[in-house]
**Student:** 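First, the structure itself, so that you have it in front of you.
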Amino acid sequence: MFWADSIAEDIIQKNPDKKKFIIRDEKTLSGRVHVGSLRGVVIHGLVAQALQERGKEAEYYFEFNDFDPMDGLPVYLDEEKYKPYMGQPLYTVPSPDPAHKNYAEYFGAEFLEVINRLGFTPKIIRGSDLYLSGKYNKWIEKIIAHPAEIRKIYKEVSGSQKPDDWYPLQVICEKCGKVGTTKVTGVKGDKVTYKCEPDMVKWAQGCGHEGEVNPYDGRSKLPWKAEWAVKWCGLPVDIEGSGKDHNAAGGSHQIASRICKEILEMPVPYNIPYEFFLIEGAKMSSSKGRGSSSKEIADLLPPELTRFLMIKNQPKHPIDFNPEGSTIPVLFDQFDQAAEQFFADAPTNQDQVRLFHYSQVSDKAPKKHYMPRFTRVIFFLQMPHMDAEKEIAELKGDKLTTEDKEEIKTRVEYGKKWLDSYAPAAFVFEIQKELPKITLSPAQKEFLSGIAKIMKGDDLKGEALHAKIHELRKSSTIEAREAFQAIYLALLGKDSGPQAGWFLEALDKDFVVQRFEEAAKQ
Ligand SMILES: [Zn+2]
């Protein structure tokens, strides 16, 4: 069974009488959001969809975490401008673009656009709203009433020994507005005492202020693991998956779970642990000025293909995506194979059927249509005077439907993007208007002049022409590699190119004959 279906079945089996499920995910908006964070968004979105398709209500909440302190500076921001804000909650840091309310909203807007483009419309909630509105007050009260028990949980689960005077809370400094630098020193009734430490953390400097404050209604913040438990209780959450890093033995999920059960006395949400989404070529790509943010990767592919990429592996298997090389054409081919199963009258692989179903952005079922192979589209795009739509209609051998035309338009658009960005040299070619400056061996010249003779004869179609060329090659002493290199050198000025039969057939016959004769005469 496809993974989203089996997770939904498992959830229903464990909660047979429950009609409505709350699903939650979040992202700390400390900068441009890496594509890896999309994996969680998509997994939660798919499980919500799978539950809805089974007649359950599933509400998907996505939190813009804007209450965490700014604890690092992205390289693309002005260090001088942003350094003074280090340690402040993200929602109080100014936006790089004044069109957005604050720093977190600026990066959140870009991420949300990608989430929506993929067909997911979670309800957006903000950490700052949850704290400031007092929604977390009663849970904060429980947490600060049990500092010793919480220290004990940290110690038992992770082995981390918190000092006896450590409180699971940080106050927003009334003087400098930072939260990353404060240390709570005591709890007195409904107030806590604190100090804003000048050198408690390396990344921010506190102002030294000491004070006493009521920690409710957004005046304080919980440390991550206790906060996670409170976030579960606040909604309350029924289903929340989390990345591999949180699910290690002794990790944050175990600590949050114990705080949730033992201190807050609430059930722990159904967990879906998932592996990382890695960009193998990230380092190389960023040096070329191409990044691996969700937007940059989502811009490379039609939304259905991005969804497909994100969901084709089970959550417990990592996805290692390298946009270089032939990854993108291969991804299109895999997508087409799933489509073939989906549209088949008697599919042989139900997982592929479901995979294609879940890759759809629209909630309307797709109509069966012709899907031209991506590499063919790439070929047509680079051939002079060729109309991709006309050529594809010929390949289909039938009139193009509205859906066919839509598909061609999409593939042409993303084919162009790929040629301009990640397409490796082997896929990229340009017909040279003049004979390039090349040196051919006598055998290569003879071979080209032989092809010119063949082409002057009958009009041969791609495969027949390809066979004739092979015959010619075999009847001479020239090596295959050397022979085909001559074709590409004479036409493209490089030693590789598309399959020779299609390629020569697609070009103007007189042009090819004239070019090969010219090259042979040199
Ligand atoms: Zn301060």
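When a ligand or atom number is given, it counts from 1 through the structure's own listing order. Hydrogens, waters and symmetry mates are skipped; everything else that's a heavy atom, side chains included, is used.
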**Student:** If we ignore angles and hydrogens, is there a donor and acceptor under 3.5 Å between the side chains of Y270 and D10?
**Tutor:** yes
**Student:** State whether a side-chain donor-acceptor pair under 3.5 Å links Q52 with Y60.
**Tutor:** no
**Student:** Can you confirm whether the side chains of Y216 and D190 place a donor and an acceptor under 3.5 Å from each other?
**Tutor:** no
**Student:** Leaving out waters, which are not shown anyway, how many protein N, O or S atoms lie closer than 2.8 Å to the Zn ion (ligand 1)?
**Tutor:** 4
**Student:** Say whether N247 and N271, considering side chains only, have a donor N or O and an acceptor N or O under 3.5 Å apart.
**Tutor:** yes
**Student:** Are the aromatic ring centres of F335 and F356 under 6.0 angstrom apart?
**Tutor:** yes
**Student:** Quick one about Q341 and N349 (side-chain donor to acceptor, distance below 3.5 Å, no hydrogens or angles considered), yes or no?
**Tutor:** no
